[in-house]
Amino acid sequence: MKFARIVLVAGLAVSCAAPERARPGAPSDPESPAVSTPGQNQSPPRSGPLFVEPRTGLVDVRPHQFERVRVTGAHTLVVRFYGGIEACEGLDRVEVDYEPRRIVVTLFVGRVPTAEACIEIAVLKATRVQLDEPVAGREVVDGAPRR
């Protein structure tokens, strides 16, 4: 009887796992369930960062390092960073200091005061930053202290 329970648990674990994606050109499994219906409006799987905007009401606000910055226009940046889930942690503000040879961008994140139990999982996030001055060849650097 123990063996049957173990198989059942293992079977449940396998059935709860994310479905494996078929390789392009690979034959499909005729016994696998259909995942789409012709004419059905489906959005593709989400890839890339979660775009966020600053929000009010956060507590324990602190500078936070970013992973990468990309200049997307003369006055626009996209800053990518890892943070907690939005129910627990958010972007408080972005400060920008303009210097002759560089632009210093500092992200500030904080905790949602009503969040009680938060899982520690890293979420790739991004925010768009509108600059008051053009980048004009200046280096964009992180203003948060290195850990």
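No experiment lies behind these values; they were computed from the predicted model shown.
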Inset, instruction - Applying side chain to side chain contact (heavy atoms under 4.5 Å, CB included), run through I121 and I85 and close with a yes or a no. - result: CA-CA 7 Å; I121 184 169; I85 62 171; 3.4 Å; yes
Inset, instruction - Return the set of residues passing side chain to side chain donor-acceptor pair (under 3.5 Å) with R93 (not counting sequence neighbours), or none when no residue passes. - result: E95
Legend entry - Pairwise side-chain contact, E53 with R128, heavy-atom cut-off 4.5 Å (strictly under): no
Inset, instruction - Answer yes or no: is there a side-chain heavy-atom contact under 4.5 Å between C88 and V112? - result: no
Inset, instruction - Would you name the heavy atoms of P63 and T106 that are closest together and state the gap between them? - result: CB-CG2, 4.2 Å
Legend entry - Other ILVMFWY residues reachable from V104 by side-chain steps of under 4.5 Å: V141
Legend entry - Main-chain N/O of F66 paired to D142 side chain as donor or acceptor, under 3.5 Å: yes
Legend entry - For V78 against A126, the heavy-atom pair lying closest together: CG1-CB, 4.1 Å
Legend entry - Beyond-backbone contact of D92 with R55, side-chain heavy atoms, under 4.5 angstrom: no
Legend entry - Shortest non-hydrogen contact from Q65 toward F81: O-CB, 3.9 Å
Legend entry - Min side-chain heavy-atom separation R138-Y98 under 4.5 Å: yes
Inset, instruction - Check the pair V52 / E86 against side chain to side chain contact (heavy atoms under 4.5 Å, CB included), numbers first and verdict last. - result: CA-CA 9 Å; V52 297; E86 282 295 292; 3.7 Å; yes
Legend entry - Cluster check V79, V123: I/L/V/M/F/W/Y, side chain < 4.5 angstrom: yes
Legend entry - Hydrophobic cluster identity match, V61 and L107, side-chain contacts under 4.5 Å: no
Inset, instruction - Look up atom OG1 in T76 and atom CG in L131, then write down how far apart they are to the nearest 0.5 Å. - result: 6.5 Å
Inset, instruction - Give a yes or no on whether E99 atom CD has more than 12 heavy-atom contacts from other residues, nucleotides or ligands under 6.0 Å away. - result: yes
Legend entry - Side-chain heavy atoms of F108 within contact of L58, under 4.5 Å: no
Legend entry - Any side-chain heavy-atom pair of F51 and K125 under 4.5 Å: no
Legend entry - Side chain proximity check, R80 to R68, heavy atoms < 4.5 angstrom: yes
Inset, instruction - Would you mind reporting whether R101 and E139 have side-chain heavy atoms less than 4.5 Å apart? - result: no
Legend entry - Of V69, V96, T127, V94, the residue whose pairing with L77 passes side chain to side chain contact (heavy atoms under 4.5 Å, CB included): V69
Legend entry - From CA spacing to verdict: salt bridge (charged side-chain N to carboxylate O under 4.0 Å, His left out), E89, R62: CA-CA 11 Å; E89 181 183 85; R62 65 209 174 275; 2.8 Å; yes
